[in-house]
Amino acid sequence: MPELPEVETVRDGLQRWIVGRAVATVQASHPRALRRHLLGRQEFEGWLAGRQVESVRRRGKYLWVEFAGERRCLVAHLGMSGQLLLQTPETTPSRHTHASFRFADEGPELRFVDQRTFGGLYLDDLESAVSPARAASSGSSSRAGSSGSSGSDDSSARVPHSIAHIGLDPFDPSYSIDSAIARIRQKRSGIKRVLLDQTVVSGVGNIYADESLWRARLHPEREAAVLRPASLRTLLDCVHEVMSDALSVGGTSFDALYVNVNGESGYFARDLDAYGREGQECHRCGTAIRRETFMNRSSFFCPRCQRRA
DNA sequence: CTGTGGTCCTGTATGC
DNA sequence: TGCATACAGGACCACA
């Protein structure tokens, strides 16, 4: 459920609440939450005990916690319904609490709550940054001036090995809109499907895909490869813009399933133009927003502003 | 290799 | 009321 703005809201909350604190004990109670940690629950709990949190990072919808002096990190993905909450140890854990992290200072503990269990936690090694964007850097209007071009891997570019295949998100300092355009044009598929492909540009899910396409006036099933570069640039600008707008108000919440680390909802739901608005008037032209299902999920769009051809 | 569809879960809303 | 069905912010993996 959570897309980039929601995950970034959570990351920001974690950054403020757990950096510098030392983990005391970890209890992982649900095996499915650790299914991607192949060394088992005991190893997971045991390794984390005593580690001091150094930073909390994100790429797309993936989060990870780095520890002082360690190459190994804690990776989290919230799936459709995952939450990371800071609660006092006295707070009764809600049902679906699948892991708890207690800290040596006995302050608020971190709890992973996940109703549908599509999310998960695991430990993984950081790999040295191997410029993930080099694939599509062909013509490149070489303006490598500002940021020391020689690929001097700044440490913030290190990502866990298991998410090296995830594309840069539009908020990443290394993100290049030209590379993204080039990659999209290589795809033989509908544009919405490409937006949802996390190996191209990461962080976009069903809500922000529909919102971006509405802003850019593109039909979700337009073939990606035939779109003009200028249209794709507009679309990617809209992707960045809509996610920035959402982030500024704490993300999109329809119910209590998406909340920040303090359990509070975001307010972007009231600003949506397409997603979830079937039958309501398009905010541009007044035509009824249409809902169609494909890819086993819903797409909302304006049949007048967003023509298929 | 690339693109597509099924599948993993629980809970809520809607309809017969 | 009961029961069945549809649908939900996602990603992986087996197949054509």
Side-chain angles (χ1 to χ4, degrees), chain A residues 1-11 30-38 58-63 75-84 94-98 112-122 124 135 160 162-167 169 183-213 220-221 223-225 239 242-243 245-247 249-260 265-272 274-279 291-300:
Chain A
M1 109 200 320
E3 307 179 36
L4 187 149
E6 292 78 35
V7 177
E8 173 59 19
T9 299
V10 171
R11 189 207 64 78
H30 197 305
R32 250 187 80 75
L34 291 194
R35 67 192 181 285
R36 294 192 67 181
H37 187 74
L38 304 179
R58 180 190 56 74
R59 172 178 286 182
K61 304 170 193 171
Y62 284 86
L63 284 171
V75 184
H77 195 287
L78 303 179
M80 292 285 268
S81 56
Q83 306 173 339
L84 286 166
S94 60
R95 188 152 67 122
H96 304 125
T97 297
H98 299 151
F112 178 65
V113 180
D114 188 11
Q115 177 183 106
R116 293 179 69 184
T117 71
F118 289 168
L121 307 172
Y122 58 96
D124 192 13
S162 57
I163 69 169
H165 67 292
I166 298 295
D169 65 62
R183 293 217 53 195
I184 292 171
R185 299 190 78 220
Q186 292 171 348
K187 293 288 180 182
R188 271 193 6 96
S189 184
I191 185 61
K192 180 171 175 182
R193 185 179 273 273
V194 177
L195 282 180
L196 294 177
D197 181 343
Q198 302 298 302
T199 69
V200 179
V201 170
S202 67
V204 181
N206 210 29
I207 294 178
Y208 300 109
D210 281 1
E211 293 300 303
S212 305
L213 290 164
E221 296 186 80
E223 194 183 334
V239 168
V242 72
M243 293 202 297
D245 291 349
L247 179 57
V249 294
T252 303
S253 304
F254 300 120
D255 49 39
L257 274 191
Y258 165 69
V259 291
N260 69 13
S265 294
Y267 293 99
F268 197 67
R270 61 180 67 165
D271 297 323
L272 295 174
Y275 188 86
R277 298 193 65 246
E278 179 181 21
R291 168 175 170 267
E292 285 184 9
T293 63
F294 67 101
M295 294 175 59
N296 250 343
R297 48 206 327 196
S298 297
S299 286
F300 299 89

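Just so it is clear, the values below take in all heavy atoms, side chains as well, and ignore hydrogens, waters and symmetry mates. What you see is a predicted model, and the numbers here were worked out from it, not measured in a lab. By convention in this document, chain letters (A, B, ...) are assigned in the order of the sequence lines, proteins followed by strands, and residues within each chain are numbered from 1.
Under the salt bridge (charged side-chain N to carboxylate O under 4.0 Å, His left out) criterion, A:Glu8 pairs with A:Arg11, A:Arg58, sequence neighbours left out. In this view, A:Glu278 satisfies the salt bridge (charged side-chain N to carboxylate O under 4.0 Å, His left out) rule with no residue, not counting sequence neighbours. With sequence neighbours left out, A:Tyr62 forms a ring pair (Phe, Tyr, Trp, His ring centres under 6.0 Å) with A:His77. Under the side chain to side chain contact (heavy atoms under 4.5 Å, CB included) criterion, A:His98 pairs with A:His30, A:Ala33, A:His96, A:Phe112, A:Asp114, A:Thr117, sequence neighbours left out. Among residues two or more places apart in sequence or in another chain, the side chain to side chain contact (heavy atoms under 4.5 Å, CB included) test is passed with A:Asp271 by A:Phe268. Residues passing the side chain to side chain contact (heavy atoms under 4.5 Å, CB included) test with A:Arg297, sequence neighbours excluded: A:Leu196, A:Asn206, A:Met295. Remark: A:Asp124 pairs with no residue by the salt bridge (charged side-chain N to carboxylate O under 4.0 Å, His left out) rule, at least two apart or across chains. In this structure A:Ser189 satisfies the side chain to side chain contact (heavy atoms under 4.5 Å, CB included) test together with A:Arg193, A:Val194, sequence neighbours excluded.
Atom OH of A:Tyr275 is separated from atom C1' of C:dG10 by 12 Å (rounded to the nearest Å).
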Short heteroatom pairs, N/O only, protein and nucleotides 12-14 of chain C, under 3.5 Å:
unit_1	atom_1	unit_2	atom_2	d
C:dC12	OP1	A:Tyr62	OH	2.8

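By the 5.5 angstrom centroid cut-off and the 30-degree plane limit, A:Phe118 is classified as not stacked against the base of C:dA11.
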Per-nt protein contacts along nucleotides 11-16 of chain B (heavy atom under 4.0 Å; B base, S backbone sugar-phosphate only, - none) come out as S-----
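A:Asn296 comes within 4.0 angstrom of a base, heavy atoms only.
For A:Phe294, the CZ atom sits in a packed shell: over 12 heavy atoms of surrounding residues, nucleotides or ligands are nearer than 6.0 Å.
Looking at residues 188-204 of chain A, you'll see A:Arg188, A:Ser189, A:Arg193 sit with a heavy atom under 4.0 Å from some atom of DNA chain B.
For DNA chain B, runs of at least 3 consecutive pairs of the Watson-Crick or G-U wobble type, with both hydrogen-bonding distances under 3.5 angstrom, map to B:2-8 with C:10-16, B:10-16 with C:2-8.
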